[in-house]
Amino acid sequence: MKFGILVNEGPYNHQAVDSAYQFAKAAIAKGHTVSRVFFYYDGVHNANKLLEAPQDERQIGKLWAEMAKEHGVDLVVCVAAGLRRGLKEETLAEGFRISGLGQLIEVGIQADRMMTFGD
Amino acid sequence: MKFGILVNEGPYNHQAVDSAYQFAKAAIAKGHTVSRVFFYYDGVHNANKLLEAPQDERQIGKLWAEMAKEHGVDLVVCVAAGLRRGLKEETLAEGFRISGLGQLIEVGIQADRMMTFGD
Amino acid sequence: MLHTVNKSPFERNALASCLAHATDGAAILLIEDAVYGATKGTSVAAKVEAAAAKCKVFVLGPDLAARGMSEDKLIDGITVVDYEGFVDLTVEHSVVQAWL
Amino acid sequence: MLHTVNKSPFERNALASCLAHATDGAAILLIEDAVYGATKGTSVAAKVEAAAAKCKVFVLGPDLAARGMSEDKLIDGITVVDYEGFVDLTVEHSVVQAWL
Amino acid sequence: MSEVMDLPGDDEEYASGVVKKFMFVNRKAPHGSIYALEVLEMVLISAAFDQDVHLAFIDDGMYQIVKGQDPTGINQKNFSKTFRALDGYDIEKLYVEREGMEERGLTEDDFLVDVEVISQAEMAELMNGMDVVLSA
Amino acid sequence: MSEVMDLPGDDEEYASGVVKKFMFVNRKAPHGSIYALEVLEMVLISAAFDQDVHLAFIDDGMYQIVKGQDPTGINQKNFSKTFRALDGYDIEKLYVEREGMEERGLTEDDFLVDVEVISQAEMAELMNGMDVVLSA
């Protein structure tokens, strides 16, 4: 089954991000496909390459990027939401790409299930 | 009267930031002093120099920086909260400085009134 | 004590918790989405009316206007202030507690 | 329909609104801070018990454990699932609605 | 809100012919947080995909379409006017829940756009019939 | 939580001798959002300033000090143990509100630290006596 996931919040501040990641990981482990994770609202901060949580904590940005690399998950950051919040190409972490909101609607059409995680 | 202000949220996502700014502006207009604004939690994103809201919208980062310049307001971003969220010296806007949480307690001790704006 | 509340009373428990902790004579200022709690005819109006009888309840005018809540819809006894009035309230009360 | 709820029922209206919109036979999964709503002896337990009688109510185990809510405190009729069980629920139900 | 009208990059994809029932569920008040505004940007983009779009206004979400909003005093934009433009994008299925209106002391006259007022039970049934439900 | 123990830069300032009554009001549950953790970092820093520190646990905030928290399954740290270390920093005034405990079906045995259980009316009076109230 193909999943699309919408992430509404930034890393660390809300567990929504972690829930989305754990869900995606479990879906992949069960043989499903996560076609795209779309980062909207404060969710754009997940793609900031400067994230540097204490070493003994989970490294959320890296976890997403590894998932993208290993399982071909398309990590898309909303361009307009990113501009408003200062997330642009110069601070974009590897594994993420910036694109328009249409990418969210598109995955909503194409995926078998659309999940939302937010505050 | 001397005010200290704690800002808990990032720009645009929550009105808390705007309320804090409008409050500070009104306090200064009435002849009071805003000694320090401390940005904690997602509030650190206020200090991101890459913020670029649509031109017809308020430019929150610039508004803070102008207030700092014109009225000597000390804009302090929490270093630990900033690291977790990817706000570091390389993306710090002019007018802000990064320091420790002690700066918040300190202004709480020194100011006549301590205000909190958050979600 | 000045209490500030910024959350809609229909969405969160911030206003209810504030009202439960505001002692007689305290001041309560409703800002941002909390201004919806200042209007008549809602399911929370009776609680706010009761609070207005023992505390001084204020509402931030610019936040009311932003949300299209006209002042003639306000619960009796609630006073509208602007940002400068907000500052004055913080001067009059030595401690400010934010209910977020 | 699978409904997910992630907010504490004491802080926000998300669970109440979800329960009001969940039709007979729907599935409801409590995650994150919503897991507090799955425990016995709280002021919202009666509502959740009533929901568990007409809907299938699930709670995410890792979120329960994180918060120190032991499974023996759960309201009768609520089923604990892990993240893989969460995925299975989304497969079994064609639409998922998040109450945030 | 010019930036919201940028078309997505992949023209072939959204000309796929698949039409799903999308519902955007609005439960949050405007201005206090950005969700209302950014959901509206989502709704506008969805128009380019020729989907069967539904907007539900429940809980505090119905405050988004209240008449007479003037956020100049809080330095924000009055995006509520954009709801009036939705029918130009063939987005005309707007539903408000009666129970929520009563809780808030609102009547149909308070809204700036034509909406269909339905009961909570009807709203629940409507939600059940959707293919994709997005909320914020 | 090593980074929270970094001392602030300006030693002379906080040796000013002024002692204020600070209250940190905890109203939010742990793990679902970061507020509980970052307020605790604030509390620890405040210890360096020799202030009269009070912690209030009301509403969902009291879930922060519930025993038996194990967030390994959600990939988070168990910072609740840090509450046990507070008395080492002379932070010993922890208050929990009885009404909130009853609403949540909690008893004093459920907490991992010694707290003073007080009524809502007593909590309100305590708040009234503070100089600085910080909340998140």
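Throughout, a chain's letter reflects where its sequence line sits, starting with A, and its residues are numbered from 1.
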- The interface call for E/D70 against chain C, heavy-atom contacts under 4.5 Å, is both

- Query: Side chains of E/H31 and C/E32: does their closest heavy-atom pair fall under 4.5 Å?
  - Reply: no

- chain C contact via E/E102 - side chain, backbone, both or neither, heavy atoms under 4.5 Å: backbone

- Note on the structure: Of the listed C/G41, C/G61, C/S70, the one with the largest count of heavy-atom pairs under 4.5 Å with chain E is C/G41

- Message: Please determine whether salt bridge (charged side-chain N to carboxylate O under 4.0 Å, His left out) holds for the pair E/D110 and C/K73, giving the CA-CA distance in whole Å, both sets of side-chain angles, and the decisive distance to 0.1 Å.
- Response: CA-CA 12 Å; E/D110 290 317; C/K73 276 190 183 174; 3.8 Å; yes

- Task: Can you see which heavy atom on C/P62 is nearest to which on E/G73, and at what distance?
- Result: CB-O, 3.8 Å

- Note on the structure: Of C/D63, C/I31, C/L64, the largest count of non-hydrogen pairs under 4.5 angstrom with chain E goes to C/D63

- Query: How long is the gap from CZ on C/R67 to CD on E/Q64, to the nearest 0.5 Å?
  - Reply: 11.5 Å

- Stepwise side chain to side chain contact (heavy atoms under 4.5 Å, CB included) test for C/Y83 and E/I74: CA-CA 10 Å; C/Y83 286 105; E/I74 60 168; 3.4 Å; yes

- Got more than 12 heavy atoms from elsewhere within 6.0 Å of NZ, C/K47? no

- Pairs of heavy atoms under 4.5 Å with chain C: top-ranked of E/D59, E/D60, E/T72, E/V66: E/D60

- Message: Please verify the inter-ring angle class for C/F10 with E/Y63; under 30° counts as parallel, over 60° as perpendicular, anything in between as tilted.
- Response: tilted

- Approximate separation, where rounding is to 0.5 Å, of C/S43 OG and E/E99 CD: 12.5 Å

- Query: Is the number of heavy atoms from other residues, nucleotides or ligands under 6.0 Å of C/K54 NZ greater than 12?
  - Reply: yes

